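Single-structure report; data block below.
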Amino acid sequence: MITEMKRKYYLLGGKGGVGKTSCAASLAVKFANSGHPTLVVSTDPAHSLSDSFDQNLSGGKLVAVEGTDSPLFALEIDPEQARAEFRSSSQKNNGSGVKDFMDSMGLGGLAEQLGELKLGELLDTPPPGLDEAIAISKVTQFIQAPEYNMFTRIIFDTAPTGHTLRLLSLPDFLDASIGKIIKLKQKLASATDAIKSVFGQAREGRESATDKLEKLKERMAMVRELFRDKESTEFVIVTIPTVMAVSESSRLLSSLKKESIPVKRLIVNQLLPPSSSDCKFCAVKRKDQLRALDMIQKDPNLSDLELFQSPLVDVEIRGVPALKFMGDIVWR
């Protein structure tokens, strides 16, 4: 299967606790051992990528993962660090530090315009969705920054379903919001120009500020198109064989289709292997899992996906050797 996975960006998501991180990390190892310089990024505020690789990946910076044939780097986006920076920046220079912080995220134009519109109080505290906004800013870096050109595969280990859907819909939201701010600014500018013209005052510096917002709007459109590009991006749903998990996966797929996110594969993780023992618990559990697999086959959405099964193993999947073992099973 790995030879058929020729896209650059892979997002793995699903219900909490289904093994998304193990699947993402094992895919990253598989790609790196197949000759692809690879980056794996965790956008989940509750990171477990460090645990999966058995290596400290904290700090919000690229960390080299040892033990693969081609370069493999990992990054855990640190939302707590970003929140702390946001709070401290809001207290600098009467709040002007917020603009510096948002500049580093590629959102400086938005902060500047909120300030001009006397809406700076919106920036006093970290807003809802900051985690997703930081993740989006990282995506724009992956697209534009030269230092990321070396990676031929970039994998996103996403947060549980709700966070992920907010992440994927955020570019549309920001695009619409920035458009409204631009229109509001233009209306205020027209009124201000009328007053200034009475006193013979010239119009100054507004085009450059509006241009910044337009560029930000273009970046959000670029991210939105990237998420929907069937040639370069694929979302892989990870689930486990329970009725609850399969039901949530079906709803997730419906939401992804509404957002026009390309989905091709479904990984069913933690399947009990066949056994000839007389373990009653195992027999009941296996029967429940077969019922969940039958649900997938009968689901009008999930049944269209390419199905891959990953067994429940008797070792903890931790560290590059264990991830290679898992990858050889799942991503064969």
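Keep in mind the model is a prediction, meaning the values are calculated, not measured.
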In Å and rounded to the nearest 0.5 Å, what is the [atom1] to [atom2] distance from [X] to [Y]?
X    : Y    : atom1 : atom2 : value
K285 : Q270 : NZ    : CD    : 9.0 Å
N269 : S22  : CG    : OG    : 7.0 Å
K20  : S52  : NZ    : OG    : 12.0 Å
T233 : F156 : OG1   : CZ    : 8.5 Å
M295 : S249 : CE    : OG    : 9.5 Å
S303 : L305 : OG    : CG    : 8.0 Å

Within the supplied structure, the quantity of interest is the number of heavy atoms (other residues, nucleotides, ligands) at a distance under 6.0 Å from [X] [atom1]; does it exceed 12?
X    : atom1 : result
E231 : CD    : no
K6   : NZ    : no
K8   : NZ    : yes
F325 : CZ    : no

Any donor-acceptor N/O pair, S255 side chain to R251 backbone, under 3.5 Å: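 Yes.
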Would you call [X] and [Y] a side-chain contact if the rule is heavy atoms closer than 4.5 Å?
X    : Y    : result
I261 : R228 : yes
V41  : D157 : no
S26  : V29  : no
M5   : L27  : yes
I77  : S42  : no
Q297 : L307 : yes
L75  : V40  : no
V268 : I240 : no

Audit row: I237, R265, side chain to side chain contact (heavy atoms under 4.5 Å, CB included) steps and yes/no: CA-CA 7 Å; I237 298 177; R265 297 174 174 88; over 6 Å; no
[X] to [Y] - nearest heavy-atom pair and separation:
X    : Y    : value
L12  : T158 : O-OG1, 2.7 Å
C23  : M326 : SG-CE, 3.7 Å
Q289 : L272 : OE1-N, 2.9 Å
L252 : G14  : CD2-CA, 3.9 Å
G35  : S70  : CA-OG, 3.2 Å
P300 : D304 : O-OD2, 3.3 Å

Test log, rule side chain to side chain contact (heavy atoms under 4.5 Å, CB included), inputs T152 and F31: CA-CA 9 Å; T152 58; F31 275 136; over 6 Å; no
For K280, salt bridge (Lys or Arg N to Asp or Glu O under 4.0 Å) partners two or more places apart: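 K280 satisfies salt bridge (Lys or Arg N to Asp or Glu O under 4.0 Å) with no residue once adjacent residues are dropped.
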Residue among L72, T68, T38 satisfying side chain to side chain contact (heavy atoms under 4.5 Å, CB included) with N33: T68
Test item: side-chain donor near acceptor, S50 and Q55, under 3.5 Å: no
No-hydrogen, no-angle side-chain donor-acceptor test under 3.5 Å, T242 and D288: no
L39 vs Y148, side chain to side chain contact (heavy atoms under 4.5 Å, CB included): CA-CA, chis, key distance, verdict: CA-CA 9 Å; L39 171 64; Y148 294 103; 4.0 Å; yes
Return a table of donor-acceptor pairs under 3.5 angstrom between the side chains of residues 312-324 and protein atoms on other chains or two or more places apart.
| from | atom 1 | to | atom 2 | distance (Å) |
| --- | --- | --- | --- | --- |
| R318 | NE | D51 | O | 2.9 |
| R318 | NH2 | D54 | OD1 | 3.4 |
| K324 | NZ | D328 | OD2 | 3.1 |

ILVMFWY network linking M244 to L302, side-chain heavy atoms under 4.5 angstrom: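 No, M244 and L302 fall in different hydrophobic clusters.
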Within the 6.0 Å centroid threshold, strictly below: Y10 and F235: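 No, the ring centres sit 6.0 Å or more apart.
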Side chain to side chain contact (heavy atoms under 4.5 Å, CB included) between L226 and Y9, worked out: CA-CA 9 Å; L226 173 67; Y9 301 96; 3.4 Å; yes
Carboxylate-amine/guanidinium contact E234 R7, below 4.0 Å: yes
